[in-house]
Asker: 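Here it is, the structure in full.
Every heavy atom of this structure was used, including side-chain atoms; hydrogens, water molecules and symmetry mates were not. Numbering of residues begins at 1 and proceeds along the displayed sequence.
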Amino acid sequence: MMLTTEGLTLHYGGSQILHGIDFQARAGEVTVIMGTNGVGKTSFLKALAGTHPRSGGTVTLDGESLGVLRAHEMARRGLAVVPQGRMIFPLLTVRENLETGFALLPKHQHRVPDAIYELFPVLKDMTNRRGGDLSGGQQQQLAIARAMIMKPRVLLLDEPTEGIQPNIIQQIGRVIRYLKDQGGMAIVLVEQYFDFAYGLADRFYVFRRGTVTAHGPKSEFDMAALRAEVSV
């Protein structure tokens, strides 16, 4: 299974943000998008997720070309996003937040899998707590778990370590490795925390000013050179 874009462009008003992005993410791999702030990384995820319609180019999932679809339609095709800021529902309980993921599943799958609570034990302990009462790290775990419930073919993660304490960052890393090892999901990770991203990556795309300036498998990148490239 593969997600591919060709010539993807994006505009905000009169400004062009993305300039012809060619991109691939394969199932069973973590594809990391790196670059400094403001180079179009989050905008690219929004274009993939359908939360901001792309201006041009194509998106193909497992050989099927996807039109310019809205977010809920992209979700039905198998793309789940964990956005920057997490976007959990603060007044709903943890369980109710998780159950919002049922919307895309057939009735007989409307249950929270045991694996969710095994990966995120704190969510089981806090199942009746309101989402807004959770710490930032706990909310991030909830947002990832909610996306997993949708059984996505592609998981889009936007800065999952931002503002998170180190022990939760380690746990999020373990969850991403677990999902990768399952083999059925392509994981696209936008991440500024270099060591975290480098440790998880199978391949990299480096963005600068809305274009891809370098890409390839991890084996083709020297760690020090890559660090220098993405900190300019």
Side-chain angles (χ1 to χ4, degrees), residues 1-3 25-30 45-52 59-64 66-160 164 168 171-190:
M1 196 281 297
M2 187 184 300
L3 173 74
R26 297 176 173 87
E29 292 187 354
V30 177
L45 288 197
K46 287 181 176 180
L48 292 179
T51 53
H52 190 91
V59 177
T60 304
L61 181 58
D62 207 14
E64 177 190 3
L66 305 180
V68 180
L69 303 176
R70 295 181 180 180
H72 71 277
E73 295 169 319
M74 292 299 275
R76 288 191 185 283
R77 301 300 177 95
L79 279 82
V81 61
V82 180
Q84 206 170 11
R86 300 177 277 277
M87 303 292 287
I88 58 105
F89 297 101
L91 299 182
L92 298 184
T93 66
V94 166
R95 171 168 285 279
E96 289 166 341
N97 267 278
L98 293 173
E99 289 173 347
T100 63
F102 293 168
L104 300 175
L105 300 176
K107 192 87 170 179
H108 70 275
Q109 293 183 16
H110 287 196
R111 55 178 293 276
V112 178
D114 293 340
I116 295 288
Y117 291 133
E118 290 166 8
L119 290 168
F120 301 109
V122 69
L123 300 183
K124 189 168 189 177
D125 296 340
M126 296 189 165
T127 187
N128 295 315
R129 296 276 294 278
R130 292 199 306 186
D133 294 336
L134 273 56
S135 71
Q138 291 163 350
Q139 289 183 6
Q140 186 65 273
Q141 293 175 79
L142 177 56
I144 295 172
R146 179 178 60 187
M148 287 171 57
I149 280 178
M150 296 163 58
K151 304 183 188 299
R153 298 154 74 190
V154 180
L155 180 63
L156 308 173
L157 296 163
D158 194 1
E159 303 279 7
I164 306 299
I168 305 255
Q171 185 185 14
I172 289 170
R174 288 193 294 271
V175 169
I176 293 172
R177 286 190 185 91
Y178 166 83
L179 295 174
K180 168 182 151 177
D181 291 345
Q182 299 302 295
M185 183 189 300
I187 300 167
V188 179
L189 172 64
V190 166

Asker: So, for R76 and A103, which heavy atoms are closest and what is the spacing to 0.1 Å?
Answerer: NH1-O, 4.3 Å

Asker: Within the structure provided, determine whether V175 and M148 are in side-chain contact (heavy-atom separation under 4.5 Å).
Answerer: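 Yes, at least one pair of side-chain atoms sits under 4.5 Å.
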
Asker: Checking H110 side chain against F102 main chain: does a donor-acceptor pair fall under 3.5 Å?
Answerer: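 Checked: pair present.
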
Asker: Which heavy atom of P160 sits nearest to which heavy atom of I172, and what is that distance?
Answerer: O-CD1, 3.8 Å

Asker: Looking at residues at least two apart in the chain, or sitting in another chain, which of them share a salt bridge (Lys or Arg N to Asp or Glu O under 4.0 Å) with D62?
Answerer: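 For D62, the residues satisfying salt bridge (Lys or Arg N to Asp or Glu O under 4.0 Å) (neighbours in sequence not counted) are R153.
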
Asker: Let me confirm one number: the CD-CG distance from Q138 to D133, rounded to the nearest 0.5 Å.
Answerer: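 Reported to 0.5 Å precision, the distance equals 10.0 Å.
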
Asker: R77 and E64: side chain to side chain contact (heavy atoms under 4.5 Å, CB included), yes or no, with the steps?
Answerer: CA-CA 10 Å; R77 301 300 177 95; E64 177 190 3; 3.0 Å; yes

Asker: Measure the shortest side-chain to side-chain distance between L48 and M74 over non-hydrogen atoms and say whether it is less than 4.5 angstrom.
Answerer: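 No - every pair of side-chain heavy atoms lies 4.5 Å or more apart.
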
Asker: Between D158 and V81, is any pair of side-chain heavy atoms under 4.5 Å apart?
Answerer: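 Side chain of D158 against side chain of V81, heavy atoms only: no contact under 4.5 Å found.
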
Asker: Side-chain contact test, heavy atoms from C-beta onward, threshold under 4.5 Å: evaluate it for V122 versus V94 and give yes or no.
Answerer: no

Asker: So, Q140 side chain and S135 main chain: donor-acceptor pair closer than 3.5 Å or not?
Answerer: no

Asker: Measuring from I149:CD1 to T100:OG1, what's the distance to the nearest 0.5 Å?
Answerer: 7.5 Å

Asker: To the closest 0.5 Å, what do you measure between CG (L3) and OG1 (T60)?
Answerer: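 Here the rounded value is 8.0 Å.
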
Asker: Would you please name every residue forming a side chain to side chain donor-acceptor pair (under 3.5 Å) with E118, sequence neighbours left out?
Answerer: none

Asker: Does the side chain of P152 come within less than 4.5 Å of L79's, by heavy atoms?
Answerer: no

Asker: How long is the gap from CZ on R174 to CZ on R177, to the nearest 0.5 Å?
Answerer: 9.0 Å

Asker: Are Q109 and K151 packed together at the side-chain level, in the sense that at least one heavy-atom pair is separated by less than 4.5 angstrom?
Answerer: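 A side-chain contact exists here, since the closest heavy-atom pair is under 4.5 Å.
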
Asker: For a quick test of reading the model, state the closest non-hydrogen atom pair linking I168 to G137 and the distance between them.
Answerer: CG2-O, 3.8 Å

Asker: Contact between T127 and V112 at the side-chain level, heavy atoms closer than 4.5 Å - yes or no?
Answerer: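 In short, these two side chains do not touch, never coming nearer than 4.5 Å.
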
Asker: Could you list all the ring pair (Phe, Tyr, Trp, His ring centres under 6.0 Å) pairs where at least one residue sits in residues 112-150, not counting sequence neighbours?
Answerer: none

Asker: Would you compute the distance between atom CG of L119 and atom CD1 of I176 and round it to the nearest 0.5 angstrom?
Answerer: 11.5 Å

Asker: If you take all heavy atoms of L157 and I187, which pair is closest and at what distance?
Answerer: CD1-CG2, 3.9 Å

Asker: Indicate yes or no: at least one non-hydrogen side-chain atom of R130 is less than 4.5 angstrom from one of L91.
Answerer: yes

Asker: Restricting to non-hydrogen atoms, name the atom on D114 and the atom on R111 that form the minimum distance, rounded to 0.1 Å.
Answerer: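 Nearest heavy atoms, D114 then R111: OD1-NH2, 3.8 Å.
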
Asker: Measuring from atom CG of N128 to atom CD of E96, what distance do you get when rounded to the nearest 0.5 angstrom?
Answerer: 8.5 Å

Asker: Quick one: closest heavy-atom pair of I88 and R146, and the distance?
Answerer: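 Taking every non-hydrogen atom into account, CA-NH1, 3.6 Å.
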
